[in-house]
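Indexing begins at 1, ligand by ligand and atom by atom, following the structure's order.
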Amino acid sequence: MNIHYLKNLILHYIQATLIDVLHSPFVYKLYKTSIKKQKNNEAFEAIEKLRQELKKDNTQIAFNEIGAGSNFARTKTMLVTEIVSKHAKPKRIAEILHHVSLNNHCSYSIELGTSLGISTAYLALAHKERALHSDILMNSVEGNKSVIQKAQSNLAKLQLDGYVNLVEGNFDAVLDEILKYYPQLDLAFIDGNHKKEATLMYFQQMLPLAHNNSVFIFDDIYWSKGMTEAWNEIKKHPQVTVTVDLFFVGLVFFRKEQAKQDFKLRVL
Ligand SMILES: C[S@@+](CC[C@H](N)C(=O)[O-])C[C@H]1O[C@@H](n2cnc3c(N)ncnc32)[C@H](O)[C@@H]1O
């Protein structure tokens, strides 16, 4: 754990608002319906069972640290158990992604960073419920071929593969092309390539598809000074109105009827 992360974790817990003193009806409702621990959903148990199986999987698969700018020419390997333990969002955060998508009625979503498909499954599950009411489109992008192949089989096991397209490629190369298929973007989850410039570039690329009810969710906003700088720039953007900092992820809203305001809430 780096010093920047630890310092901000402590600060977050000191500064975060206790929900009782929240004066924004919008954020209060968001907290009650999506951020606060909700009743257990049986479908989550299937995803968590799969997570436990992956944690016991000692298969080695090819894995390059794309986001950290490593050399593609030299393929490294990682154990499936290491990948799921290091990269997959914990259940508590993955549940929040699911509830935000569901309660925000998100039909058009994108995830940058599929890894083994754990957060993808939570989001696809929300789309499965949404599919009864609307056309849906979700793409999840991953640059590591062996990893995305494993994610595909994981989603098939969960019978969620019909609700998300997995796209293999570097975000920098494929994002613009993928976005051409979206009439609007209801939800974007950015969970890969945690660098300031890259994060701001993806934000700018997706921004034209944002609308009044869109939510963009940025992972690991305190992972490094650069990521926190990116988060602070995003918060200041004139199109952004409400932001909700949960420390582990930051939620960005564009609701014109809201006064510009930044919230910090505790999730754990
Ligand atoms: C933290 S993991 C994603 C975890 C996943 N969202 C979950 O919670 O289960 C980030 C993933 O993004 C991928 N990635 C990072 N930078 C990328 C880039 N520029 N293009 C494509 N994939 C990238 C990595 O290979 C890694 O698998």
Handout entry: Asp245/Lys235 ion pair, N-O < 4.0 Å
Key = no
Problem - Distance-only N or O hit between ligand 1 and Phe63, under 3.5 Å - result: no
Exercise for the section: Compare Lys195, Glu168, His87, Glu142 and give the one whose heavy atom is closest to atom 13 (C) of ligand 1. Expected result: Glu142
Handout entry: Contacting atoms of ligand 1, where contact means under 4.0 angstrom from a heavy atom of Lys89
Key = 7 (C), 8 (O), 9 (O)
Practice task
Go through ligand 1 atom by atom and flag the ones less than 4.0 Å from a non-hydrogen atom of Gly143.
Solution key: 21 (C), 22 (N)
Practice task
Kindly confirm or rule out a cation-pi arrangement of Arg266 over Tyr13, judged by NZ or CZ under 6.0 Å from the six-membered ring centre and within 45° of its axis?
Solution key: no
Problem - Side-chain H-bond candidate by donor/acceptor type, Arg255 with Thr241, under 3.5 Å - result: no
Problem - Salt-bridge contact Glu45-Lys49 (side-chain N to carboxylate O under 4.0 Å) - result: no
Fill in the blank from the handout: Quick note on ligand 1: atoms under 4.0 Å from a heavy atom of Gly113 include exactly 3 (C), 4 (C), 5 (C), 6 (N), 11 (C), 12 (O)
Handout entry: Ligand-residue contact atoms, ligand 1 with Glu111, heavy atoms, under 4.0 Å
Key = 6 (N)
Practice task
Indicate yes or no: at least one non-hydrogen side-chain atom of Ile35 is less than 4.5 angstrom from one of Leu265.
Solution key: yes
Problem - Ser119 N/O to ligand 1 N/O under 3.5 Å - result: yes
Problem - Sole candidate of Asn144, Leu79, Val80 that passes side chain to side chain contact (heavy atoms under 4.5 Å, CB included) when paired with Ile61 - result: Val80
Exercise for the section: Step through the shown structure and confirm whether more than 12 heavy atoms of other residues, nucleotides or ligands are within 6.0 Å of NZ on Lys236. Expected result: no
Completion exercise
Near Ala88 (heavy-atom distance under 4.0 Å), the atoms of ligand 1 are 7 (C), 8 (O), 9 (O)
Exercise for the section: Could you establish whether Thr114 and ligand 1 come within less than 4.0 Å of each other, counting only heavy atoms on the residue side? Expected result: yes
Exercise for the section: Check whether any heavy atom of Asn170 sits under 4.0 Å from an atom of ligand 1. Expected result: yes
Problem - Sub-4.0 Å atoms of ligand 1 with respect to non-hydrogen atoms of Gly169 - result: 20 (N), 21 (C)
Practice task
Decide whether His127 and Ser109 meet the rule of one side-chain donor and one side-chain acceptor closer than 3.5 Å.
Solution key: yes
Problem - N or O contact, Asp191 vs ligand 1, cut-off under 3.5 Å - result: yes
Problem - Any side-chain donor near an acceptor of the partner, Gln152 and Asn154, under 3.5 Å - result: no
Exercise for the section: Could you list the atoms of ligand 1 found under 4.0 angstrom from a heavy atom of Asn144? Expected result: 25 (O)
Exercise for the section: Run the contact test for Val147 against ligand 1 with a 4.0 Å cut-off on heavy atoms, strictly below, and give the result. Expected result: no
